[in-house]
Chemist: 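This is the structure I have questions about; it appears just below.
All values below were derived from every heavy atom in this structure, side-chain atoms included, with hydrogens, water molecules and symmetry-related copies excluded. Just so it is clear: chains get the letters A, B, ... in the order the sequence lines come, proteins before strands, and each one is counted from 1.
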Number of protein chains: 2
Amino acid sequence: MDRLTGLTNAIAGRPETVADRISAILREAIATGALPAGAALRQDELAARFGFSRMPVRDALRQLETEGLVSIHPTKGAFVASMDPAEIREIFALRELLEVEALRLSCPLLDAGVLRKAADMLDQIDGEANVARWGALNAAFHLALYSRCGNSRLLAAIEAYHGAVDRYVRVLLSNLDYQSRSQAEHRDLLAACSNGDEKRAASILRGHLRTGSDMLFEAVRGRIRS
Amino acid sequence: MDRLTGLTNAIAGRPETVADRISAILREAIATGALPAGAALRQDELAARFGFSRMPVRDALRQLETEGLVSIHPTKGAFVASMDPAEIREIFALRELLEVEALRLSCPLLDAGVLRKAADMLDQIDGEANVARWGALNAAFHLALYSRCGNSRLLAAIEAYHGAVDRYVRVLLSNLDYQSRSQAEHRDLLAACSNGDEKRAASILRGHLRTGSDMLFEAVRGRIRS
DNA sequence: ATTCGTATACTCGTATACGAGATTGCTTTA
DNA sequence: TAAAGCAATCTCGTATACGAGTATACGAAT
């Protein structure tokens, strides 16, 4: 392959395949809880429901497995990945490690444009009733603050872990109390970044993630008992 | 992901599929450089060579894509992922962040058994002429020191990033000078862990990863020019 | 001679088909 | 009655087949 075709392809973006569409649908279904943790994902059942064959379904399931949303066992099938509370603690510990570092790297390099975009996102979150969009906006706000960290792999990892706990976070979002608290913390964080107060920003982010982790831990533990 | 998934699969009694075998072969071929970066991986060519159909080959390629070893473009095919020097810097920065944290968590909890196993591995590395095994032993040594960190996702991430740079690290291993230097640093690291000198261990690990990153950066940059 | 258009060949994505392994339920026997 | 064995069914993994999109090569026209 020549350099030129590789470049043009990268610019053009990849064509969307059926497997991509199926994985998007399943991803959303898992995130909303329509497909609860532990649910079996039969290949031919899904294929019939979507009106395609099993092959793109297989590809979609593999794709979702890499995102940690489903677990595949040969000869047994695919299941919506269930996460016990301990794993949530693990992921949030990782998020804290990665996101604090990303913020530390990015904070001094944030310009007015990024900060304004982040502020806009917070306003959008306030006006957003749809829980599904809330999660996406939340992720976008965080990633905007880290966007100048200069390490694309770091950003990718953060995004991946965010997606892994997204559907659990939505449990919290029905709790209006958490929403307002989270938004208050977000505004504090943005203010610290705007002032270039790196240490304070890091400390706020740590607190933000820890309260999220604690509340999610309790919420999921409660859900599992029921 | 080599050894760990192999191990956990064996424990779980997970049957080995054809796709697993194919991916293992391709993984090794990529690691050794038999399949150089940028090489096209035609599905039916591989299927014919291995004596299977294209389906398990597709699955294997998808698996390798998640490990970052190949990149797949719909309608264009799969290619051995090429990594520019900047990405190596990024991955090593991530490794430093993750591994230092894992060491910090694990170090106080390391018992005599783990330390002895780690020491054994270092001796094995000294006596190992085969470059392929050297990489696996190197990873195993590092992971042994982190094994008590109490965060399985953290360990998985470390292992994944290790695998992503493994084939580049092998470039260094032909350099006997690096091998002995690396081993000296390993022994320092192990000694610090044995003494419970957490700070010193962290500092040694940082230096170890940074020299590795620097040398690899130069080596890969040189290779690309040629 | 260069460039544009067309036709051919190639590769991938998807569909359909088949065989193996596992799970479930029933029957039979101790 | 309970446990063990057998059979039927279900699901997945793999094979083969087909259609669509893209690259390439060749020819024609400027």
Chemist: Work out how much the helix from dA1(C)-dT30(D) to dA30(C)-dT1(D) bends between its end axes, five pairs an end, to the nearest 10 degrees.
Modeler: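 Taking five pairs per end, the axes differ by 10°.
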Chemist: Just grab all the side chain to side chain donor-acceptor pair (under 3.5 Å) pairs involving residues 113-125 of chain A, residues at least two apart or on different chains.
Modeler: D123(A)-R187(A)
Chemist: With sugar-phosphate meaning primed atoms plus P, OP1 and OP2, does L61(A) contact a base, only sugar-phosphate, or nothing at under 4.0 Å between heavy atoms?
Modeler: nothing
Chemist: Can you tell if the side chain of D59(A) reaches within under 4.5 Å of the side chain of R58(B), non-hydrogen atoms only?
Modeler: yes
Chemist: Write out a two-atom table: protein N or O, nucleotide N or O from nucleotides 13-17 of chain D, distance below 3.5 Å.
Modeler:
from, atom 1, to, atom 2, distance (Å)
dG13(D), OP2, Q43(A), NE2, 3.4
dG13(D), OP2, R58(A), NH1, 2.6
dG13(D), O3', T17(B), OG1, 3.2
dG13(D), N7, R54(A), NH2, 2.8
dG13(D), O6, R54(A), NH1, 3.1
dT14(D), OP1, T17(B), OG1, 2.4
dT14(D), OP1, V18(B), N, 2.5
dT14(D), OP2, T17(B), OG1, 2.8
dA15(D), OP2, S53(B), N, 2.8
dA15(D), OP2, S53(B), OG, 2.6

Chemist: Step by step, would you call L205(B) with H142(B) a side chain to side chain contact (heavy atoms under 4.5 Å, CB included)?
Modeler: CA-CA 10 Å; L205(B) 179 57; H142(B) 278 264; 3.9 Å; yes
Chemist: Looking at R49(B) and D44(B), is there a salt bridge between them, counting it only when a charged N and a carboxylate O are closer than 4.0 Å?
Modeler: no
Chemist: Restricting to pairs with a member in residues 151-173 of chain A, which pass salt bridge (charged side-chain N to carboxylate O under 4.0 Å, His left out), not counting sequence neighbours?
Modeler: E28(A)-R170(A), R153(A)-E87(B), D166(A)-R170(A)
Chemist: Tabulate below the donor-acceptor pairs under 3.5 Å that side-chain atoms of residues 130-137 of chain A make, not counting sequence neighbours, or state none.
Modeler:
from, atom 1, to, atom 2, distance (Å)
N130(A), OD1, A132(A), N, 2.8
W134(A), NE1, Q179(A), OE1, 3.3

Chemist: Taking ring pair (Phe, Tyr, Trp, His ring centres under 6.0 Å) as the test, write out the residues that go with H162(B), two or more places apart.
Modeler: none
Chemist: Enter the distance from E65(A):CD to L41(A):CG here, rounded to the nearest 0.5 Å.
Modeler: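 These two atoms lie 11.5 Å from each other.
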Chemist: Measure the distance from CG on L41(A) to C1' on dC12(D) and round it to the nearest whole Å.
Modeler: 14 Å
